[in-house]
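Have a look at the structure below before the remarks.
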Protein chains: 2
Amino acid sequence: MRIGELSTRTGVPVPTIKYYLREGLLPAGELTSPNQAQYGDAHVRRLKLVRALLDVGKLSIAATRTVLDSIDAPDNSLHDRLGIAQHALNPAPAGDPDSADLLEARERADRLIAERGWLVESPGPARDTLTQVLHSYLELGQQDLLVVLDDYADAVESLAASEIATVGRRSDPDSQVEGVVLGTVLGDALITALHRLAQEDASARAFAALG
Amino acid sequence: MRIGELSTRTGVPVPTIKYYLREGLLPAGELTSPNQAQYGDAHVRRLKLVRALLDVGKLSIAATRTVLDSIDAPDNSLHDRLGIAQHALNPAPAGDPDSADLLEARERADRLIAERGWLVESPGPARDTLTQVLHSYLELGQQDLLVVLDDYADAVESLAASEIATVGRRSDPDSQVEGVVLGTVLGDALITALHRLAQEDASARAFAALG
DNA sequence: GATAGTGAACAGTATTGCTATCCATAAGGA
DNA sequence: TCCTTATGGATAGCAATACTGTTCACTATC
């Protein structure tokens, strides 16, 4: 198939596909002559994946490229490839000089990780992000909302275990990496959407006059 | 205090504060002369809130303004104000013409909401986002990952209930709205961070060679 | 009285994610 | 065979976002 059909099959405009090709998000088609190339089903699938990461996962072009590269890297272990993807997803926060609140936030984060026995890169992007979020709660005087922290942790722990178990059941290793990465990126979007719905419901029950 | 002190107390550069003032994210200080204004602790707090929504919550300036306006709106109910905030957080997705996958995604979303008995705006932003995310799963052939959907829903349902209960314990209604909104925005960031950590841990246990 | 800070208005900038234009060539129908 | 349209490749342009810098008349403070 040529680029026009690739465009109609995915709904992505031709100039945009060309842009993704330039940016290395999509592999080039097979050139049959200097200005003709063939694309296949793999390109259709890849393009849908790119759009999902960009639109649903809200990744930048650069982050998308890194994530895709980590999926494609053939020589690393599954866990290493997930690590590469995670670094692309959590750009290191700026971070002011250390305030008292920041130190307390970091301590809380470390304590949580230690109590759970989570095997994570200890000064890593995920921990830093958690620290930053906790710092915001403290700085804004929302400590009371942190009573649910352990419930949050319980929930995501079992969810992650289910996700990884599901993916582990797949036979193809490449499909496994893709599953783990999509579990992270789309999983976040899914949890966020459900969280909003559940909050709307809880708020309706608590605060709204119900007919 | 003058703008310079507001800047040093919050770490936000003076030109940026001026920009936020222009954008209506921060109320003007009290003018004591044509080119002198006084700011108070309320401004410090508000500025920290703005930065938290922008940096941690990753909101745009426009979304931040809408969210802040909904917090400030004095005449609406708590639930209405949360609704305004939710609309600002979930910009309506573009949405292609309806494909088979899209219809199935919408059906799944509606079924989930119905089974849970969630009281939500039925064609609302949260449901649309959920539909879009489910659509991505289906389109990318990741249906097997949706086995955890009900677990996700269980988790967020109890989390949202805890959050709303916590906030309901507060005496000041303004603080309640702020709590609900921050529970949504910061809560999303918190869950995302924890989800990444838990996935890293689960991946390490399943895939990595452990010393 | 010198120096630095201030509010207000406005212009400029860096980045991001596309779009548009151009070109020589190729495909596919009349 | 001619003619319209599509293609790959390259480069330029554009709209939106979130600042940043510049100028101005003035004010606070040392």
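Throughout, protein chains are lettered first and strands after them, A, B, ... in sequence-line order, and every chain is numbered starting at 1.
Side chains of R51(A) and Y20(A): a donor-acceptor N/O pair is present below 3.5 angstrom, by distance only.
The CG atom of N35(A) sits 11 Å away from the C1' atom of dC23(C) (whole-angstrom rounding). We find that NZ of K58(A) is positioned 13 Å from P of dG17(C), with the value rounded to whole Å. One can place CD of E23(B) at 17 Å from C1' of dG7(C), the figure rounded to the nearest angstrom. Taking atom CD of E30(A) as the reference point, atom C1' of dT7(D) lies 16 Å away to the nearest angstrom. Protein atom NE2 of H43(A) is 15 Å distant from nucleotide atom P of dT7(D), rounded to whole Å. At whole-Å resolution of the value, CD in E5(A) and P in dA27(C) are 16 Å apart. The distance from atom CG of L21(A) to atom P of dC18(C) is 14 Å, rounded to the nearest whole Å. The interatomic distance linking L53(B) (CG) with dA18(D) (P) rounds to 13 Å, in whole Å.
A salt bridge does not link E178(B) with R170(B): every distance from a Lys NZ or Arg NE/NH1/NH2 to an Asp or Glu carboxylate oxygen is 4.0 Å or more. A salt bridge is absent between D101(A) and R108(A); no separation between the charged side-chain nitrogens and carboxylate oxygens falls under 4.0 Å.
Residue-to-nucleotide proximity on DNA chain D shows that, of P34(B) and D55(B), the 5′-proximal contact is made by D55(B). Residues I3(B) and R22(B) both approach DNA chain C. Their nearest nucleotides, taken by heavy-atom distance, put I3(B) toward the 5′ side.
Y39(B) has a side-chain polar atom (N or O) that falls below the 4.0 Å cut-off from OP1 or OP2 of dG7(C). At dT19(C), one or more side-chain N or O atoms of T16(A) fall inside 4.0 Å of OP1 or OP2 (strictly under the cut-off). Residue S33(B) has a polar side-chain atom (N or O) positioned under 4.0 Å from OP1 or OP2 of dA28(D). One finds no side-chain N or O of Y20(B) lying less than 4.0 angstrom from the OP1 or OP2 phosphate oxygen of dA18(D).
Distances were taken from every side-chain heavy atom of Q36(B) (C-beta onward) to each of dA27(C), dG5(C), dG17(C); the shortest belongs to dG5(C). Each of dT19(C), dG5(C), dA18(D) was ranked by its minimum atom distance to the side chain of Y19(A); first place goes to dT19(C). Side-chain atoms of K18(A) lie closest to dG8(D) of the nucleotides dG17(C), dG8(D), dG7(C).
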Inset, instruction - Before giving the answer on side chain to side chain contact (heavy atoms under 4.5 Å, CB included), spell out for H195(A) and E163(B) the whole-Å C-alpha distance, their side-chain angles and the decisive distance to 0.1 Å. - result: CA-CA 11 Å; H195(A) 185 219; E163(B) 285 171 353; 3.2 Å; yes
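Heavy atoms of L31(A) sit under 4.0 angstrom from primed sugar atoms or phosphate atoms, though from no base atom.
In this structure, L53(A) CG and L59(A) CG are separated by 5.5 Å, a value rounded to the nearest 0.5 Å.
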